[in-house]
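Whatever order the structure lists ligands and atoms in, that order sets their numbers, starting from 1. As the structure is a computational prediction, the values presented were derived from the model and not from experiment.
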Amino acid sequence: MANQYSFSFREGDGKNKALLGGKGANLCEMTQIGLNVPAGFVISTETCLLYQEKQQLPPDLMDEVKQQIALIEQQSGRIFGDAHNPLLVSVRSGSAISMPGMMDTILNLGLNQHTLAGLIAQTGDRRFAYDAYRRFIQLFGKVALGIADEKFDRPFEMIKNRAGIKADIGLEASHLEEISELFLEVVRTETGSEFPEDVYEQLSCAIEAVFNSWMGKRAVDYRREFHITPDIANGTAVNIVMMVFGNRGTDCATGVGFTRNPATGVNEMYGEYLTNAQGEDVVAGIRTPKPVSELAQEMPDLYQQLVALRDKLEAHYQEVQDYEYTIERGVLYCLQTRNGKMNAAAMVKSSIEMVQEGLISKERALLRINPELLEQLLHPQLMPDHAVPVLAQGLPASPGAACGACVFDADTAERLGKAGHAVILLREETKPEDIHGFFAAQGIVTSRGGKTSHAAVVARGMGKACIAGAEDIKIDVKLRHAIIGETHLREGDIITIDGGNGTLYLGKIPMIPACFSEDLKTLLHWADEMAQIKVYANVDTPENARIAASYGAMGIGLCRTERMFNSSERLPLVIEMILANNPQDREHALNQLLPFQREDFKQLFTAIYPHPVTIRLLDPPMHEFLPTAQELENEIHALKHYLLIVKAQRVTLETLNNPVSALPAPFAQLSEETVMAAIEKKQLMLKKVNDLCEVNPMLGHRGVRLGISYPEIYRMQTRAILEAAALCIQEGMTIRPEIMVPQVITVEELRKVKTLVLEAQQWVEAEYGLKLAFKLGSMVETVRACLRAEHLSEVAEFFSFGTNDLTQATFSFSREDAENKFLPLYNESGILQDNPFEVLDVKGVGELMRMTVAQGRKHNPYLRIGICGEQGGHPASIRFCHQIKLDYVSCSAPRIPIARLAAAHAKLLDKE
Ligand code: ADP
Ligand code: MG
Ligand code: MG
């Protein structure tokens, strides 16, 4: 019907929340499945939009409302505005999305001097009637007439005090009558007119008020905050419902319940109720409600009915419900239901149990949980009810809570960490050489940098709590302290951080530990059975590989070998390798690195066995392993200064006729020669740094380009990989390493690398006396690689999309610059929907990927293709990867459970 404004609960479409709002749709649905819902109807959200447009109710609306009221009158046998047998209604808001506390409800509408007398005559209960009346005046006064609650509170308190009554329930009929009179007076003084007596005037005012509340500041702010856009909820519906009374005596009650315990998910009656009370008394905290278990004693019959109601709700909605009910003189009415909001642990538990109870399918058990929610379960959380004030605020860079002694440099973190202390590393910003501090710390805080700063990215990869850019913290590494406003933090002071919201506290706050429960394991096991796309891990160390395995990784999709170079015993060898001026010197350094890499790889293979491991050959430009030119210049400057001191010291001692050999031990080594040698070494390094300097290093000498220029590096790495495989094979494992080449643009590069690998294979096979199998594959992270996919697949046995570089290349954005400068503006103004470095850009980068997959599989339909960019852990990106038929996504260890669930969602949503 073109201009049908309203729908009776008997006819409204229970699935159409956009039109009827969540509350209205569910009231219709519950009515139609035979639950005891008071008679009523819904005025649609479309009508609300009409109202917003014209700033008045449609002229024919109230005629339709009268017809709807007539229907309620028929069903209830009561009459709206009748002096003998009055019908009262509630007027309730409700949009497609629940916005708790944002909009209002008016109860007991339809009371005036006449109907009040009728209600008294009919019920023989003055107290009840005046209780309903004073509530109505106040609610109507507040919602429809805009009178502040305090105006009513004052006379209310006055009467209570005068009568010496503490709780509302102690008020007698005469008190409530007096309060009603005073309330009418409040309306008179505040509005300058009488309280409306005409019940239809009351009703149209109330409808208008609910419509107005949609555009009220509170509601508008709320929608902005929670990104509730018009396509999610547009306008509010108005529900008009026959009143039922929980305040008609001690055989009446009102309550709210959850069909399961929302904190734990346990299948039990859960909720609270109040006898002889109405509506919001339960939530408002005016009286302390009783746990629903007491209802079993107080009203055993009704308790049984409530259990039955709860069972029906769950059986019908196949979801945990949050419901409201009222008991009037032994009759149970259901007034509202909606899907229950629960924490991650409760969602997981209830999913498992509902399947075991035969209530829902495994598919539904998986689909009802938002994958991102699982993040909660993988990190410790702060006790929610702690009252410690926030000391500093930064960006939530990596979730989880952590507590420990603050330290200001990585070495101290490592030292204390190794000694068994919990530490939090506080830095202005972090660099790759701080990595050992990360390993030792419980959490990381930086006073500079954003969510994609080094600290943030590395911490997320490790699953450690991190706050970035807490700008109020002034750190002084030399003095070993930090200043935050008035507070002075010394090294060793205990702090607690919450990386989930970026807050830092002084002292220790109790925590709820992370739990990878049996329930979660079961759920994710179901997910794996359902999913098509596999979930691999990006890990760089054996330690992380073990964690990834425990999270259910089905392989390693990316091991960045260079991350293995950063530890203190290896970095000098790497530097020696870089400083080498000829292949022989370089090989000498590389030969010393080889055993380290071999051991790393062996451990990696073992940690995730029998799953496959993909190892990427060296990728970053070499200068990344060296200090910056500025740092070196400073050091050389300092050393030259020091040289003078050493000289002066010698001269001084000679002058005093002290032989140099008698210098105290520590000084004895610091001869001028030593210092000069140090200076020379630094100068050499500086020269190398200057030689390596590039205008745009990320587009410069890196990736396979390095491998082509210095084949001995890739030779060493492939040999280490294959030797590690050989060692594992000797121990009885079946290993088939996957060697991945970064930054490829042409198949010729792959051919060159393949030659190296084949040589290494021959050598290792001869040395170990066994046969080796391996796969050689290509990263796809340059646009040219996408365009040449068909040719690359002649040599590459697998592809892995490096969507970080590929996104940079596709957008011609440098990530750091984009995120720090213009991307936020682009997102806010809607030029770009998301940050393409977090959420895969399906329209652009995704198109390239789709094309690459098609081209790459032309000759080899079984070409294995995955994604190893950070986006691979994001549910929407996983959905896309599933659709273009990738074999796997590879993400950081802490994202694996999320990705496993998202992979199942992708498949299940495909079917729908
Ligand atoms: P909210 O969306 O804030 O929960 P509701 O519209 O559900 O607001 O109403 C507030 C309270 O009034 C709830 O406790 C509800 O159960 C109660 N209530 C609403 N309509 C009626 C009615 N027709 N009879 C009895 N109680 C009602
Ligand atoms: Mg409600
Ligand atoms: Mg890359």
Side-chain angles (χ1 to χ4, degrees), residues 8-9 17 20-27 30-31 35-43 68-69 72 75-76 78 80 86-111 119 128 131-132 135-136 138-140 142-144 203 206-207 209-210 213-214 216 218-219 222 233 236-248 252-258 271-287 289 306 309 313 321-329 331-341:
S8 133
F9 291 167
K17 292 191 177 162
L20 305 179
K23 194 184 283 172
N26 280 334
L27 284 166
M30 288 194 294
T31 304
L35 298 182
N36 196 21
V37 176
F41 61 96
V42 200
I43 303 174
Q68 292 283 10
I69 293 278
I72 305 183
Q75 281 180 58
S76 66
R78 295 186 189 148
F80 195 49
L87 166 72
L88 304 187
V89 296
S90 64
V91 178
R92 320 164 67 186
S93 58
S95 71
I97 286 269
S98 112
M99 298 169 41
M102 286 306 113
M103 291 178 299
D104 303 294
T105 291
I106 299 173
L107 301 180
N108 310 325
L109 188 135
L111 279 174
L119 193 64
F128 155 69
D131 187 44
R135 287 174 195 266
F136 171 51
Q138 175 164 4
L139 281 171
F140 189 90
K142 171 176 147 188
V143 177
L203 190 54
I207 294 169
V210 172
S213 69
W214 177 254
R218 245 189 327 162
Y222 184 95
T236 180
V238 181
N239 301 282
I240 304 202
V241 191
M242 177 185 103
M243 281 305 300
V244 291
F245 299 103
N247 55 339
R248 274 188 73 180
C252 300
T254 181
V256 296
F258 263 85
E272 293 174 324
Y273 73 104
L274 277 173
T275 39
N276 203 3
Q278 197 171 34
E280 314 235 84
D281 292 359
V282 179
V283 265
I286 303 174
R287 282 159 62 194
L306 195 64
L309 169 66
L313 283 173
Q321 295 294 299
D322 167 356
Y323 61 104
E324 293 175 1
Y325 59 93
T326 283
I327 296 167
E328 179 178 351
R329 303 214 139 168
V331 183
L332 173 67
Y333 295 91
C334 190
L335 289 170
Q336 188 178 335
T337 194
R338 60 182 164 211
N339 291 346
K341 283 210 172 71

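With contacts defined as side-chain heavy-atom distances shorter than 4.5 Å, the pair R92/V238 does not qualify. The shortest distance between side-chain heavy atoms of M30 and L27 falls below 4.5 Å.
Remark: ligand 1 atoms within the under-4.0 Å shell around heavy atoms of Q336 are 4 (O), 7 (O). For ligand 1, the atoms lying closer than 4.0 Å to a non-hydrogen atom of E324 are 4 (O), 7 (O), 13 (C), 14 (O), 15 (C), 16 (O). Less than 4.0 angstrom separates some heavy atom of S90 from each of these atoms of ligand 1: 19 (C), 20 (N), 21 (C), 22 (C), 23 (N). Atoms of ligand 1 found under 4.0 Å from any heavy atom of M242, numbered from 1 in the order shown, are 22 (C), 23 (N).
Shown here are the side-chain contact (heavy atoms from CB on, under 4.5 Å) partners of A96, two or more places apart in sequence or in another chain: A233. Scored by the side-chain contact (heavy atoms from CB on, under 4.5 Å) test, A253 finds Y273, T275, M299, I327 as partners (sequence neighbours excluded).
Here the shortest heavy-atom pairing between E328 and F245 reads OE1-N, 2.8 Å. Between M242 and P38 the shortest heavy-atom distance is O-CB, 3.4 Å.
Nearest to atom 8 (O) of ligand 1 by heavy atom, out of L27, L88, T105, is T105. Nearest to atom 25 (C) of ligand 1 by heavy-atom distance, out of L107, T326, T254, V244, is V244.
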### Query
Passes side chain to side chain contact (heavy atoms under 4.5 Å, CB included), T236 versus V210? Steps please.
CA-CA 8 Å; T236 180; V210 172; 4.0 Å; yes
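Residue contacts with ligand 1 for M243 involve both N, CA, C or O and side-chain atoms from C-beta outward (heavy atoms, distance under 4.0 Å).
At a cut-off of 2.8 Å, T105 is not counted among the residues with an N, O or S atom near the Mg ion (ligand 2).
Heavy atoms of K23 come nearer than 4.0 angstrom to ligand 1 in at least one pair.
Closest approach between the Mg ion (ligand 2) and any N/O/S atom of E324 involves OE2.
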